[in-house]
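Computed from heavy atoms alone, side chains included, the values below leave out hydrogens, waters and symmetry copies. Computed from a prediction, not measured in an experiment: that's the story for all the values here. Every chain is numbered from 1 and lettered A, B, ... according to where its sequence line falls, protein lines coming before strand lines.
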Protein chains: 2
Amino acid sequence: MALDVIHVGDCIAALEAMPPASVDIVFADPPYNLQLQGELKRPDESRVDAVDDAWDQFESFAAYDAFTRSWLAAVRRVMKPNATLWVIGSYHNIFRVGAAMQDQGFWILNDVIWRKANPMPNFRGRRFTNAHETLIWAARDPGAKGYVFNYEALKGGNEDVQVRSDWLIPLCTGNERLKDADGRKAHPTQKPEALLARILLSASRPGDVVLDPFLGSGTSAAVAKRLRRRFVGIERDPFYAAAATRRIAAIEPLPEAALAAPPSAREAPRVAFAALVERGLVTPGAELTDAKGRARAVVRADGTIAIVANNTPAVGSIHRMGALAQGSEACNGWTFWHVEQEGRRHPIDQLRARLRAELGLGGE
Amino acid sequence: MALDVIHVGDCIAALEAMPPASVDIVFADPPYNLQLQGELKRPDESRVDAVDDAWDQFESFAAYDAFTRSWLAAVRRVMKPNATLWVIGSYHNIFRVGAAMQDQGFWILNDVIWRKANPMPNFRGRRFTNAHETLIWAARDPGAKGYVFNYEALKGGNEDVQVRSDWLIPLCTGNERLKDADGRKAHPTQKPEALLARILLSASRPGDVVLDPFLGSGTSAAVAKRLRRRFVGIERDPFYAAAATRRIAAIEPLPEAALAAPPSAREAPRVAFAALVERGLVTPGAELTDAKGRARAVVRADGTIAIVANNTPAVGSIHRMGALAQGSEACNGWTFWHVEQEGRRHPIDQLRARLRAELGLGGE
DNA sequence: ACGCCCATTGAATCAAGCG
DNA sequence: CCGCTTGATTCAATGGGCG
């Protein structure tokens with residue numbers, strides 16, 4: 001399969017020519033089926049340049065649904081089992097697309113709201129300002145566990161709080177907006193690079209293959225190249241494809257160091273408590289306590305620990321014994337148990353971190 | 001048709017017993033079909049009290065769709081030609097509901113995002129915090145022009161800018177949350193009154209008939225009564241219906257002066273005084289005075305205020321009415337108007353400062 | 001009265017690895 | 001595929017208790 005290229009042509013045919021289970025993440029910005037009636041003018045009588053292109057016209061909801069089902073099925077075939085799909089739309093089409101996705105077995109992970117910082121006002125004053133679009137993020141199958149979600153990196157870049165499902169991002173305007181030779185916008189619905197960057201940084205890794213079946217002005221491919229992902233773009237209109245090709249050629253990938261994944265506790269190699277005992281970071285016979293010094297345990301040479309709970313002696317893993325000492329079902333022994341050094345109690349997780357560093361295994 | 005009552009029973013049967021074209025606005029909070037698998041625990045091992053009620057269980061998407069089509073059709077019959085329908089849901093169900101609405105001929109006016117100020121986190125760090133729910137606002141028919149949308153009043157209560165399609169509102173917690181005899185939450189999905197107030201103030205008028213086919217804890221009826229709308233509530237569960245009945249009985253309608261016809265464009269208030277009203281820092285019907293207690297005004301539910309100047313009643317923004325009361329051309333209503341608390345008068349600017357602090361400095 | 005600390009809680013489709 | 005073990009994981013708001 002050719003990577004980092006744009007296929008010009010119908011997306012169904014192009015998708016069917018691709019090998020199955022070959023892409024890691026899909027971004028799709030399908031026609032919105034806007035169903036606009038007349039033309040709209042601003043209060044100053046200037047005309048609003050609406051999306052009235054032929055590709056956005058469908059005869060009926062049924063025709064739009066058939067189109068949706070067909071591209072969703074074709075996309076689903078080329079997704080790896082742990083790939084995820086992002087679709088963007090507005091109230092004109094997103095409900096139909098979301099229902100079709102569920103019908104085809106996609107498993108919705110989140111709906112995400114793109115809150116536009118600078119939306120077009122409602123000139124007639126008959127509705128609320130349409131100030132957002134909706135993204136649906138879905139796994140290929142129910143129960144998919146292995147999808148990519150760069151939780152820690154996202155949280156780290158967000159004042160150390162979880163990223164929410166509502167994202168505030170400005171429209172694509174100014175220099176970022178592609179213009180044609182006449183200085184008019186080259187594509188009517190160009191998406192901001194910030195939006196695609198957040199998507200790709202959230203749910204893909206460097207080197208992953210990003211598929212966009214409705215490439216348009218090429219935002220997804222441009223951001224993929226900058227973030228050192230590979231891309232497969234499909235676009236029916238040769239003029240849009242040409243504009244996207246020029247745009248992508250001018251992109252310089254970011255330095256690899258700017259994209260390396262931060263160390264993640266979840267991906268750090270496992271170190272058994274027994275290894276700490278073996279390596280001498282904890283001495284057999286040493287005493288462990290909880291943070292407040294109430295529960296007590298004795299370290300055994302084989303890496304298990306011994307406690308007395310309810311006047312009954314027990315031996316087992318740091319986790320089991322932590323749960324037993326607390327009377328809870330589960331327990332992370334690494335953070336529950338502490339050792340005393342120089343009069344202060346430290347969680348044994350600190351010792352594990354030190355051993356990881358000694359072994360050069362990363363994970364802090 | 002009996003108004004201001006709760007019908008206990010199946011909503012389809014109750015709707016079919018109503019006369020056609022008899023309600024002005026519908027709010028529907030149908031089951032979300034959450035499809036939860038196991039149980040979920042917080043990092044501290046406490047159990048999350050999930051929605052696992054029988055009424056939220058459906059055998060399949062097809063069963064849920066059939067249910068949706070049936071209540072939508074029954075609701076549509078009792079809507080006046082210019083009535084509008086509001087439906088709330090999450091990604092579990094809202095796409096299916098929205099598509100069914102379009103299929104039945106409803107005309108979507110907006111989708112509106114309820115951004116939760118204090119959502120439950122994602123404890124396992126495997127997705128984005130699910131921090132919003134989606135509302136769909138639709139007219140009964142395509143091309144409906146006569147629906148109610150109180151554009152000027154909404155704009156006036158929003159710093160004189162159009163209200164957007166994303167609304168930041170806290171969850172229903174604390175005192176507002178209905179409790180049963182054991183002190184546990186009486187209903188698992190009680191909606192905040194601020195959300196319903198914004199809906200009814202946006203798209204209905206005093207005296208209008210508000211229908212809620214899934215009344216639950218009765219938030220829509222309680223807010224309807226307070227805002228001097230009439231209501232028809234339908235609830236299947238007699239325990240929920242009884243709790244709602246008690247709740248509604250305790251509601252005192254706001255003074256009519258706080259709800260009379262919205263002001264004209266020229267009199268629209270210019271600041272987010274409405275936010276103070278919505279959040280309960282100022283009560284509709286409360287009295288404002290100047291620093292010396294001479295001029296007097298009454299707070300209205302939409303964030304405008306009413307005064308009598310030169311024996312002539314007038315309604316408008318805190319600034320306009322302050323100017324009118326002083327006989328000056330301009331006035332900063334925030335420093336002119338005061339509220340009395342514990343025998344002392346404070347400028348309403350202090351309340352604004354408090355709200356800003358609560359919202360985190362107003363920066364979103 | 002006020003501030004601080006702690007416990008509780010909310011429409012949630014919430015794990016991964018090894019044997 | 002099943003079953004067991006390991007061990008990773010939370011934000012804003014409310015309200016009560018205490019000093």
Side-chain angles (χ1 to χ4, degrees), chain A residues 102 106-111 137-139 142-147 149 151-152 155 158-165 264-274 303 316-320 322-323 330-337 348-349 352 363, chain B residues 29-53 55-58 61 88-94 114 116-134 168 170-177 179 183-185 187-192 216 342 358-360:
Chain A
Q102 291 180 310
F106 288 99
W107 190 247
I108 299 179
L109 298 168
N110 278 114
D111 57 339
W137 179 40
K145 303 286 184 193
Y147 59 87
F149 180 56
Y151 175 76
E152 301 210 23
K155 183 176 175 180
N158 188 46
E159 302 280 335
D160 275 330
V161 291
Q162 292 185 344
V163 173
R164 299 168 40 119
S165 56
S264 150
R266 196 173 260 127
E267 291 174 16
R270 295 190 168 212
V271 172
F273 184 65
S317 74
I318 53 172
H319 310 297
R320 289 267 158 243
C331 170
N332 182 343
W334 291 110
T335 51
F336 179 78
W337 294 110
I348 57 177
D349 207 27
R352 180 170 63 161
Chain B
D29 183 11
Y32 285 13
N33 189 23
L34 287 187
Q35 303 179 274
L36 303 179
Q37 312 289 349
E39 70 171 13
L40 178 64
K41 288 183 171 178
R42 298 188 178 81
D44 65 4
E45 290 288 310
S46 64
R47 193 178 141 276
V48 173
D49 184 17
V51 176
D52 55 359
D53 306 70
W55 51 254
D56 198 48
Q57 314 287 332
F58 291 83
F61 283 135
I88 186 167
S90 67
Y91 66 82
H92 309 84
N93 71 324
I94 199 65
W114 168 27
K116 302 182 183 184
N118 48 343
M120 180 154 68
N122 184 290
F123 297 116
R124 305 305 287 261
R126 296 298 297 144
R127 304 180 177 193
F128 299 99
T129 307
N130 193 3
H132 72 274
E133 294 190 20
T134 300
L168 181 66
L171 295 175
C172 177
T173 61
N175 258 338
E176 189 186 320
R177 190 91 196 206
K179 304 292 198 304
R184 288 175 306 200
K185 59 187 176 191
H187 191 279
T189 70
Q190 183 178 345
K191 297 294 176 290
E342 295 141 25
E358 282 178 18
L359 295 176

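Contact annotation: the side chain of S317(A) never approaches that of F273(A) to less than 4.5 Å [non-hydrogen atoms, C-beta and beyond]. For the pair V48(B)/M120(B), a side-chain contact is recorded, criterion being any heavy-atom separation below 4.5 Å from C-beta on. With contacts defined as side-chain heavy-atom distances shorter than 4.5 Å, the pair R352(A)/D349(A) qualifies. Contact annotation: the side chain of K41(B) never approaches that of R124(B) to less than 4.5 Å [non-hydrogen atoms, C-beta and beyond]. Within the 4.5 Å cutoff, the side chain of I348(A) has heavy atoms near those of the I318(A) side chain. At least one side-chain heavy atom of P188(B) sits less than 4.5 Å from a side-chain heavy atom of D53(B).
Here the side chain of A330(A) is nearest to one of dT9(D), dG7(D), dA11(C), namely dG7(D). If you check dA11(C), dT10(D), dC14(C) against the side chain of R177(B), the one that comes closest is dA11(C). Distances were taken from every side-chain heavy atom of L34(B) (C-beta onward) to each of dA11(C), dA12(C), dG7(D); the shortest belongs to dA11(C). Closest to the side chain of R270(A), from the set dA11(C), dC11(D), dT6(D), is dT6(D). Listed nucleotides: dC11(D), dG7(D), dA13(D). Nearest to the side chain of N332(A): dG7(D). When each of dG10(C), dA13(D), dA12(C) is scored by its nearest atom to the side-chain atoms of L171(B), the top-ranked nucleotide is dG10(C).
Looking at T173(B) and R177(B), their side chains never bring a donor and an acceptor atom within 3.5 Å of each other.
Nucleic acid contact for A272(A): none, since no nucleic acid atom lies under 4.0 Å from a heavy atom of the residue. Using a 4.0 Å heavy-atom cutoff across all strands shown, E159(A) reaches no nucleic acid atom at all. Among the heavy atoms of the strands, none lies under 4.0 Å from K41(B). Nucleic acid contact for Q37(B): none, since no nucleic acid atom lies under 4.0 Å from a heavy atom of the residue. Nucleic acid contact for K155(A): sugar-phosphate only, since backbone atoms but no base atoms lie under 4.0 Å from a heavy atom of the residue. Backbone-only contact: S317(A) has heavy atoms under 4.0 Å from sugar-phosphate atoms and none from a base. Contacts of P192(B) with the nucleic acid, taken as non-hydrogen atoms under 4.0 Å apart, are absent. Contacts of P119(B) with the nucleic acid, taken as non-hydrogen atoms under 4.0 Å apart, include base atoms. At a threshold of 4.0 angstrom between heavy atoms, the contacts of R320(A) include nucleobase atoms, whether or not backbone atoms are also involved. Residue-level contact check: G89(B) touches neither bases nor backbone, having no heavy atom under 4.0 Å from any strand. At the heavy-atom level, I318(A) lies nowhere under 4.0 Å from the strands shown. Residue contacts for D349(A): at a heavy-atom cut-off of 4.0 Å it reaches no nucleic acid atom on any strand shown. Using a 4.0 Å heavy-atom criterion, one finds that C331(A) contacts the bases of the nucleic acid, with or without backbone contacts as well.
Of all heavy-atom pairs between P119(B) and T129(B), the closest is CG-CG2, 3.9 Å. Taking every heavy atom of both residues into account, P31(B) and N93(B) meet most closely at O-ND2, 3.5 Å.
The interatomic distance linking Y147(A) (OH) with dA16(C) (P) rounds to 7 Å, in whole Å. One atom, CD of E39(B), and another, C1' of dA15(C), lie 15 Å apart when rounded to the nearest Å. Counting to the nearest Å, the C1' atom of dA11(C) and the CG atom of N110(A) are 14 Å from each other. One interatomic measurement links the two molecules: CZ of R266(A) to P of dT6(D), which rounds to 19 Å at whole-angstrom precision. Regarding L40(B), its CG atom lies at a distance of 15 Å from the P atom of dT9(C), rounded to whole Å. Distance, D52(B) CG to dG10(C) C1': 15 Å, rounded to whole Å. Atom C1' of nucleotide dG10(C) and atom CZ of R184(B) are separated by 16 Å, given to the nearest angstrom. Atom pair E152(A):CD and dA15(C):C1' shows a separation of 14 Å (rounding to whole Å applied).
Between H319(A) and dG7(D) there is a side-chain N or O to OP1 or OP2 distance below 4.0 Å. One finds a side-chain N or O of K185(B) lying less than 4.0 angstrom from the OP1 or OP2 phosphate oxygen of dG10(C). Remark: K145(A) is in phosphate contact with dA15(C), judged by side-chain N or O atoms under 4.0 Å from OP1 or OP2. For the pair Y151(A) and dT10(D), the criterion of a side-chain N or O lying under 4.0 Å from OP1 or OP2 is met.
Between W137(A) and F128(B), the distance separating the two ring centers is shorter than 6.0 angstrom. Aromatic ring centres of W107(A) and Y147(A): separated by at least 6.0 Å.
With respect to D49(B) and R184(B), no salt bridge is recorded, no charged nitrogen being found less than 4.0 Å from a carboxylate O.
Residue-to-nucleotide proximity on DNA chain C shows that, of A50(B) and D44(B), the 5′-proximal contact is made by D44(B). Comparing E45(B) and V161(A) against DNA chain D, the residue whose closest nucleotide sits nearer the 5' end is E45(B).
In this structure, CZ in R127(B) is found 6.5 Å from CG in N110(A), a value given to the nearest 0.5 Å.
If you take atom C1' in dG7(D) and the same atom in dA11(C), they sit 29 Å apart, rounded to whole Å. Nucleotides dA16(C) and dC1(D) place their C1' atoms 16 Å apart, quoted to the nearest Å. Here the separation of dG10(C) from dA8(D), taken at their P atoms, is 28 Å to the nearest Å. dA12(C) and dT5(D) are spaced 31 Å apart, taking the P atom of each and rounding to whole Å. Rounded to whole Å, the separation between the P atoms of dC14(C) and dT6(D) comes to 24 Å.
For residues 122-133 of chain B, proximity to DNA chain D is found at N122(B), F123(B), R124(B), defined as any non-hydrogen atom under 4.0 angstrom from a strand atom.
Under the side chain to side chain contact (heavy atoms under 4.5 Å, CB included) criterion, E133(B) pairs with Y32(B), I88(B), W114(B), K116(B), K191(B), sequence neighbours left out. The side chain to side chain contact (heavy atoms under 4.5 Å, CB included) check on N332(A) picks up H319(A), W334(A), T335(A), with sequence neighbours excluded. By the salt bridge (charged side-chain N to carboxylate O under 4.0 Å, His left out) test, R164(A) is found to be paired with D166(A), residues two or more places apart in sequence or in another chain being considered.
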Are any protein N/O atoms closer than 3.5 Å to N/O atoms in nucleotides 14-17 of chain D? If there are, list each pair with its distance.
from, atom 1, to, atom 2, distance (Å)
dG15(D), OP1, N175(B), N, 2.9

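Counting distance only, with no hydrogens placed and no angle test, the side-chain atoms of R42(B) and the base atoms of dG10(C) include a donor-acceptor pair under 3.5 Å.
For the strand DNA chain C, secondary-structure stems (runs of at least three Watson-Crick or G-U pairs, all distances below 3.5 Å) span C:2-10 with D:11-19, C:15-19 with D:2-6.
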